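Report on the structure given below.
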Amino acid sequence: MAFWWPLIVIAIAFAICKLLLMLIPDNVPSIDVDTSDVLDDGNQAKDNSFIYIPSRRHTDKVQCYEPATMKYLGYFPALKPDEVKERVVQARKAQKIWAKSSFKQRRLFLRILLKYIIEHQDLICNISSRDTGKTMVDASLGEIMTTCEKIHWLLSEGEKWLKPEYRSCGRSMLHKVAKVEFSPLGVVGAIVSWNYPFHNIFNPMLAAVFSGNSIVIKVSEHASWSGCFYLRIIQTALAAVGAPENLVEVITGFAETGEALVSSVDKIIFVGSPGVGKKIMRSASDTLIPVTLELGGKDAFIVCEDVDVPHVAQIAARGALQSSGQNCAGAERFYVHKDVYSSFVAEVVKIVKSVTAGPPLSGKYDMGAICMQEHSERLQYLVNDALDKGAEIVARGSVGNIGEGAVDQYFPPTVVVNVNHTMKLMQEEAFGPILPIMKFSSDEEVVQLANDSSYGLGCAVFSGSQRRARHIASQLHCGGAAINDFASNYMCQSLPFGGVKDSGFGRFAGIEGLRACCLVKSVVEDRWWPFIKTKIPKPIQYPIAENGFEFQESLVHTLYGLNIWDRLRALVNVLKILSEQPPAPTSNRRRSD
């Protein structure tokens with residue numbers, strides 16, 4: 001016992017010291033970001049003299065407006081290919097300097113960002129709300145919390161997973177040390193979607209910069225106004241730690257801008273649709289750069305008969321209606337056991353009828369606007385197709401006081417029943433506030449239904465038995481599963497995020513996402529250099545001895561034989577061959593005089 005006491009005392013002292021260090025506030029510098037051109041009076045109900053009229057034609061400008069009100073926000077240049085390539089050239093120069101930065105400097109950059117985000121949550125969410133139409137609560141959940149969690153994970157574990165990782169060396173290389181090194185790729189390119197403009201920029205940027213890369217991000221033409229402001233936050237924080245200019249760039253434009261980016265960088269991360277994702281792959285094949293694709297989903301939300309129905313109904317409504325369906329992993333197919341189908345539908349109907357959509361900054365609205373022009377027409381098309389095939393609308397939410405010019409930017413939350421898989425609503429990604437609910441009779445049936453999709457991003461399974469829920473989830477072909485919850489795995493930033501099938505491939509977030517920004521290099525070196533070095537055994541040195549193959553055969557038996565006695569016999573033969581000094585093979589060539 002006396003032996004253990006010092007160890008216990010040391011452990012307790014260490015824990016106390018760590019606790020005290022946590023209580024001491026970090027000396028993190030504050031940054032001042034110019035907000036003079038983005039501040040608003042916050043009253044989206046106020047009349048505005050300039051209501052934007054969308055153009056169907058792409059120009060040399062990216063026009064920006066508030067989806068909730070159609071209020072004009074300004075424009076940004078649609079960069080030409082030569083301009084994009086010049087941005088990448090500048091980012092490449094900056095990366096060569098940043099690659100030599102210490103993890104201490106990189107962590108300070110993250111802490112400065114974290115401090116700014118926490119102190120300016122209202123500003124960041126307001127900008128996101130104005131540019132995409134989401135509510136402040138939805139912006140906080142999807143923009144602030146996810147980004148803060150990623151920063152915290154990188155601060156806690158990022159350096160650990162980028163340090164050399166030692167691996168086993170195997171039987172034949174016992175005299176060696178084997179390790180994996182992770183070094184920066186160079187310039188990472190990212191083409192991101194509009195649904196979460198703050199997090200979609202910060203997510204790839206944080207991983208790329210912390211791993212020593214530079215990054216050029218093309219933001220969506222539907223969220224360029226917010227993206228260009230968020231870049232100011234990043235660049236101001238980088239300047240505060242002495243990072244080189246042009247390490248992080250945000251570019252604006254349309255398809256040709258993105259194509260030029262793909263052809264110029266060392267890796268591309270794309271968040272968008274399957275159709276565009278395939279074009280990205282084709283372009284990336286010209287330079288053979290690694291590609292990460294996150295192409296959306298049609299997540300299954302499975303409700304077994306042994307659940308707390310009102311509790312699960314609330315989660316289902318949040319999963320489907322958040323930000324008018326602007327989810328990273330939206331629940332779009334609801335499968336409910338026949339024994340609780342009626343009660344579940346009744347609970348969801350009650351919730352949806354209480355939901356009101358409207359300009360999120362002008363009043364107390366539960367749901368905001370749809371970001372993309374004409375998307376409400378597509379949503380109605382999917383609903384009409386379902387109605388034509390026998391489905392029924394059992395509830396719709398309401399729309400509040402909106403301006404005449406913004407009517408098409410809203411789609412009321414809608415509950416649809418009697419759906420089946422012949423309907424486009426159950427097969428195509430909707431990206432809207434629609435809850436199609438289908439009943440099932442057995443676990444085997446719901447597994448088959450959930451897997452009957454071209455998408456495979458995530459799923460949620462609810463049951464009173466966690467074992468049963470895990471068993472169902474384990475049979476679903478998708479990239480992530482939440483047991484008795486929805487999308488909670490994305491808040492665990494130690495986990496990789498991504499899908500299969502038409503949802504794409506590759507992962508961001510977690511260890512896998514961080515290391516995906518690196519050149520992964522295998523390194524082998526002598527364990528006891530210079531005392532023990534690799535020496536080619538005599539029988540297989542050139543010219544190879546007549547018993548060279550016999551030596552190799554015995555060596556394989558020695559190292560990998562399944563029976564210990566066979567291995568010992570083979571070892572004896574190896575030693576015997578090595579101890580022999582066979583004469584050098586006689587050359588058949590005539591010696592020249």
Side-chain angles (χ1 to χ4, degrees), residues 3-4 7 157 159-183 290 443-444 447 451 456 466-481 483 494-496 498 500-501 505-507 510-516 518-589:
F3 172 77
W4 291 105
L7 296 178
E157 300 184 35
E159 181 179 358
K160 168 186 174 183
W161 297 114
L162 292 176
K163 284 186 173 181
E165 183 177 276
Y166 287 85
R167 304 282 180 89
S168 61
C169 54
R171 289 183 175 179
S172 63
M173 293 286 122
L174 288 173
H175 60 298
K176 300 286 187 180
V177 173
K179 62 182 177 179
V180 182
E181 293 180 347
F182 305 94
S183 54
D443 292 1
E444 292 74 20
V447 167
N451 283 331
Q466 273 199 298
R467 181 177 180 182
R468 179 185 179 188
R470 284 197 300 266
H471 182 65
I472 292 173
S474 69
Q475 300 174 74
L476 304 186
H477 194 40
C478 58
I483 307 300
S494 63
L495 295 176
V500 295
K501 299 190 281 188
F505 59 82
R507 297 293 183 266
I511 304 163
E512 293 80 0
L514 184 62
R515 289 178 171 178
C518 298
L519 169 63
V520 181
K521 183 183 296 183
S522 301
V523 179
V524 178
E525 59 183 298
D526 289 308
R527 188 183 298 273
W528 298 291
W529 173 269
F531 305 106
I532 297 180
K533 305 176 185 178
T534 297
K535 185 177 180 181
I536 298 175
K538 194 76 172 178
I540 57 173
Q541 290 181 10
Y542 291 117
I544 297 174
E546 292 181 1
N547 57 358
F549 180 74
E550 180 187 356
F551 169 80
Q552 276 299 119
E553 191 176 32
S554 296
L555 182 61
V556 170
H557 276 291
T558 300
L559 293 171
Y560 310 111
L562 301 180
N563 182 288
I564 185 63
W565 300 114
D566 289 343
R567 290 172 64 190
L568 287 173
R569 280 192 291 269
L571 176 60
V572 170
N573 196 42
V574 167
L575 296 174
K576 178 183 176 183
I577 294 172
L578 288 174
S579 64
E580 293 175 351
Q581 298 293 331
T586 304
S587 174
N588 292 326
R589 297 177 183 175

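Values in this document were obtained by computation on a predicted structure and should not be read as measured data. When a residue number appears, it is its place in the shown sequence, counting from 1.
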E512/L495 under side chain to side chain contact (heavy atoms under 4.5 Å, CB included): CA gap, chis, key distance, verdict: CA-CA 8 Å; E512 293 80 0; L495 295 176; over 6 Å; no
E525 and K179 ion-paired at < 4.0 Å: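 Yes, charged N to carboxylate O under 4.0 Å.
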Going by an N to O cut-off under 4.0 Å, is there a salt bridge joining D526 and K533? no
Given side chains that start at C-beta, do those of [X] and [Y] come closer than 4.5 Å, heavy atoms only?
{"X": "H557", "Y": "N573", "value": "no"}
{"X": "V524", "Y": "V177", "value": "no"}
{"X": "P537", "Y": "L578", "value": "yes"}
{"X": "R527", "Y": "K176", "value": "no"}
{"X": "Y560", "Y": "S172", "value": "yes"}
{"X": "V520", "Y": "V180", "value": "yes"}

Does [X] [atom1] have over 12 foreign heavy atoms under 6.0 Å away?
{"X": "L562", "atom1": "CG", "value": "no"}
{"X": "F549", "atom1": "CZ", "value": "no"}
{"X": "H471", "atom1": "NE2", "value": "no"}
{"X": "I536", "atom1": "CD1", "value": "no"}
{"X": "W565", "atom1": "CH2", "value": "no"}

Between [atom1] of [X] and [atom2] of [Y], what distance do you get to the nearest 0.5 Å?
{"X": "S522", "Y": "E165", "atom1": "OG", "atom2": "CD", "value": "10.5 Å"}
{"X": "N547", "Y": "I540", "atom1": "CG", "atom2": "CD1", "value": "11.0 Å"}
{"X": "C478", "Y": "N451", "atom1": "SG", "atom2": "CG", "value": "7.5 Å"}
{"X": "Q541", "Y": "K535", "atom1": "CD", "atom2": "NZ", "value": "7.0 Å"}
{"X": "D443", "Y": "I472", "atom1": "CG", "atom2": "CD1", "value": "4.0 Å"}
{"X": "I544", "Y": "Q552", "atom1": "CD1", "atom2": "CD", "value": "9.0 Å"}

I'd like to know whether S494 forms a side chain to side chain contact (heavy atoms under 4.5 Å, CB included) with I511, so could you lay out the CA-CA distance, the side-chain angles of the two residues, the decisive distance to 0.1 Å, and finally the verdict. CA-CA 6 Å; S494 63; I511 304 163; 5.9 Å; no
Under the side chain to side chain contact (heavy atoms under 4.5 Å, CB included) rule, what do R567 and T558 come out as? Steps first, then yes or no, please. CA-CA 4 Å; R567 290 172 64 190; T558 300; 5.5 Å; no
Is there a donor-acceptor pair under 3.5 Å between the side chain of R171 and the backbone N or O of L559?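 Yes, the answer is positive, given that a donor and an acceptor are paired below the 3.5 Å cut-off.
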Return yes if some donor-acceptor pair links the side-chain N/O of R515 with the main-chain N/O of W161 below 3.5 Å, else return no. yes
What pair of heavy atoms forms the shortest contact from S168 to A178, and how long is it? O-CB, 4.0 Å
Can R569 and S554 be said to form a side chain to side chain contact (heavy atoms under 4.5 Å, CB included), step by step? CA-CA 9 Å; R569 280 192 291 269; S554 296; over 6 Å; no
Summary of salt bridge (charged side-chain N to carboxylate O under 4.0 Å, His left out) pairs that have at least one residue in residues 548-565, sequence neighbours excluded: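 Qualifying pairs, neighbours excluded: none.
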